[in-house]
Amino acid sequence: MSGWTADRIPDQHGKVVVVTGANSGLGLVTATELARRGAHVVLAVRNLTAGEEAAHRIPGDTEVRELDLASLASVRAFAAKLTADHPSVDVLVNNAGLVHLGPRRTTADGFELHVGTNMLGPYALTGLLLDALTAGSGGRVVSLSSITHKNAHLDFGDLMSEHGYRASSAYGRSKLATTLFGLELDRRLRAAGLPVVSALAHPGLTRTNLTPRAWEHRGRFGRLIAAGGLLATQSVEQGALPQLRAATDPEVRGGQFFGPARLWETRGPVTEARLGEEAADPAVARRLWAVAEDLTGVRYP
C-alpha cells in the first residue's frame, strides 16, 4: 500500500475526532480531510481566532476549542470540557508540535519548552481522554514523531536540558520522547485489554509554518535560512498522509509507524517507517513513562 492517498480514507460519519494544532499546516490538512469525509472534528488550538478562521475554511462539521499543550492547567480544562460535551471520542491526533531554535525557554509548569509541549502535554491529554477514547467505537491515538528522533538520546539526568542547552538537540529529544510514548502507550493498551489503537507517524521534511517560526529570533538572516530550508520540503498535503493513514486506515495495528518512503524518509508516498534504536527500547520507554507520570500527575488506568 505504498500508494496510499487521502482518497482511501473511509467514511467518518458519526465519529468525533480531536486534532491538536489544527489551525495550520499538517493539522489543518488533517482536520480538513477528516471533516470532508463526515467526521465531527474538534480543532484544539492555542489561538481561538486563528482556529475560527481555519474552521471557516473547512468544508464540514467542526468546532474550535482552546488548548495550550505548554500548560497542564489548559490541558486539564480542555479535557474536562470536551468530555462533558463528548463522552465518546473516536480519534485523537496529537499533531501539535513546537520547534524553537532560540534560547532555552520553559512551559507554564517549568518544563523545557520542547519536551513539555511535544511530549508531556500530549501524554497528559491522552491520559485524560482515555475513558472517552475507550467509550468510542475502536478508539485511536496518533502520535506525531519526526525523523530527528533517530539521532536523539534521552539523558534522564538532564531531561529538561538545563546544562549545555542546544535547541536542535532539545527538539530531537522531545520527538524521541514522543515516539517512545506512542509505542509504550500501545504496549499498555494491549496489556490492559483496552479497545484503543496507538499508532505513530512522521511527515518527513514538509513545508509548514514551523520552520519559519523556528528561525524568527534570527531576524532577516533567519528568514533567509528558513526560505532555503523550505526549498527541500514536500507539500503539506503529502506530508499529512502518514498521520491520516495512521488515524483512519482500518488495517492499522497498534504500534505501527508511518512515514514517507523516499530519500531517507524525507518525502514520497506513505510506507511503514523505521524506528531509531533508542525508540525501540521498551526499557527506556518504561522509564520515561514513570517520569511523565510524576511530572504531570496523570496516571493511566
Side-chain angles (χ1 to χ4, degrees), residues 15-22 27 30-31 34 39-46 48 51 63-98 107-111 113-144 174 177-200 243 246-247 254 285-286 288-301:
K15 292 191 174 184
V16 175
V17 180
V18 178
V19 182
T20 65
T30 299
L34 294 173
H40 175 80
V41 181
V42 179
L43 282 69
V45 299
R46 283 189 304 165
L48 286 175
E63 64 175 290
V64 180
R65 293 183 181 242
E66 186 175 13
L67 171 66
D68 182 358
L69 290 167
S71 164
L72 290 177
S74 176
V75 172
R76 290 182 181 277
F78 171 87
K81 294 175 184 176
L82 179 75
T83 53
D85 295 333
H86 299 290
S88 175
V89 173
D90 298 279
V91 183
L92 169 61
V93 183
N94 284 317
N95 162 83
L98 173 138
T107 69
D109 304 283
F111 308 138
L113 190 61
H114 291 98
V115 169
T117 305
N118 297 346
M119 185 270 169
L120 292 174
Y123 165 89
L125 176 64
T126 304
L128 294 168
L129 296 183
L130 191 55
D131 284 346
L133 286 159
T134 303
S137 56
R140 192 170 297 193
V141 178
V142 178
S143 298
L144 194 62
S174 76
T178 299
T179 309
L180 287 159
F181 160 66
L183 294 168
E184 182 64 12
L185 177 61
D186 169 59
R187 296 184 192 104
R188 289 174 181 255
L189 291 170
R190 291 179 190 232
L194 295 177
V196 179
V197 168
S198 172
L200 303 93
Q243 64 198 65
R286 288 192 297 270
L288 177 64
W289 192 279
V291 171
E293 282 186 338
D294 289 341
L295 291 176
T296 66
V298 175
R299 285 169 172 75
Y300 288 45

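Keep in mind the model is a prediction, meaning the values are calculated, not measured.
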Q: Scan for side chain to side chain donor-acceptor pair (under 3.5 Å) pairs involving residues 70-85, sequence neighbours excluded, and state none if there are none.
A: R65-D85
Q. Rounded to the nearest 0.5 Å, how far apart are CG of L125 and CG of N94?
A. 6.0 Å
Q) Do L130 and L194 have side chains that get closer than 4.5 Å, going by heavy atoms? A) yes
Q: Check whether any side-chain heavy atom of L120 sits under 4.5 Å from a side-chain heavy atom of H114, and report yes or no.
A: no
Q) Residues in salt bridge (Lys or Arg N to Asp or Glu O under 4.0 Å) with E293, at least two apart? A) none
Q. Is a side-chain N or O of D90 found less than 3.5 angstrom from the main chain of V17, in a donor-acceptor match?
A. no
Q. Less than 4.5 Å apart, any side-chain heavy atom of L288 and any of E184?
A. no
Q: To the nearest 0.5 angstrom, please state how far the CG atom of L185 sits from the CG atom of L180.
A: 12.5 Å
**Q.** Validation row: L69, V75 side chains within 4.5 angstrom (heavy atoms)
**A.** yes
**Q.** Closest non-hydrogen atom pair between G182 and S143, with its separation
**A.** CA-OG, 3.9 Å
**Q.** Residue D109 excluded, over 12 heavy atoms near CG under 6.0 Å
**A.** yes
Q) Once you round to the nearest 0.5 Å, how far does CG of L92 lie from OG1 of T20? A) 7.0 Å
Q) Side-chain contact, heavy-atom cut-off 4.5 Å: E63 with H86? A) yes
Q) With side chains defined as the heavy atoms from C-beta onward, is the minimum distance between Y300 and T126 less than 4.5 Å? A) yes
**Q.** For F181, all residues meeting ring pair (Phe, Tyr, Trp, His ring centres under 6.0 Å), sequence neighbours excluded
**A.** Y123, W289
Q) Where is the tightest heavy-atom contact between V18 and A44, given as atom of each residue plus distance? A) CG1-CB, 4.3 Å
**Q.** Considering all heavy atoms, the nearest S198-L189 contact
**A.** CB-CD1, 4.0 Å
Q. Of the non-hydrogen atoms in A79 and L128, which two are nearest, and what is the gap between them?
A. CB-CB, 3.6 Å
Q. Of the non-hydrogen atoms in V196 and V141, which two are nearest, and what is the gap between them?
A. CG1-CG2, 4.1 Å
Q: Specify the closest pair of heavy atoms between A124 and L72, including all atoms of both residues, with the distance to one decimal.
A: CB-CD2, 3.9 Å
Q: Find the distance between NE2 (H40) and NZ (K15) and round it off to the nearest 0.5 Å.
A: 15.0 Å
Q: Tell me, with the steps shown, if L48 and V64 meet side chain to side chain contact (heavy atoms under 4.5 Å, CB included).
A: CA-CA 7 Å; L48 286 175; V64 180; 3.9 Å; yes
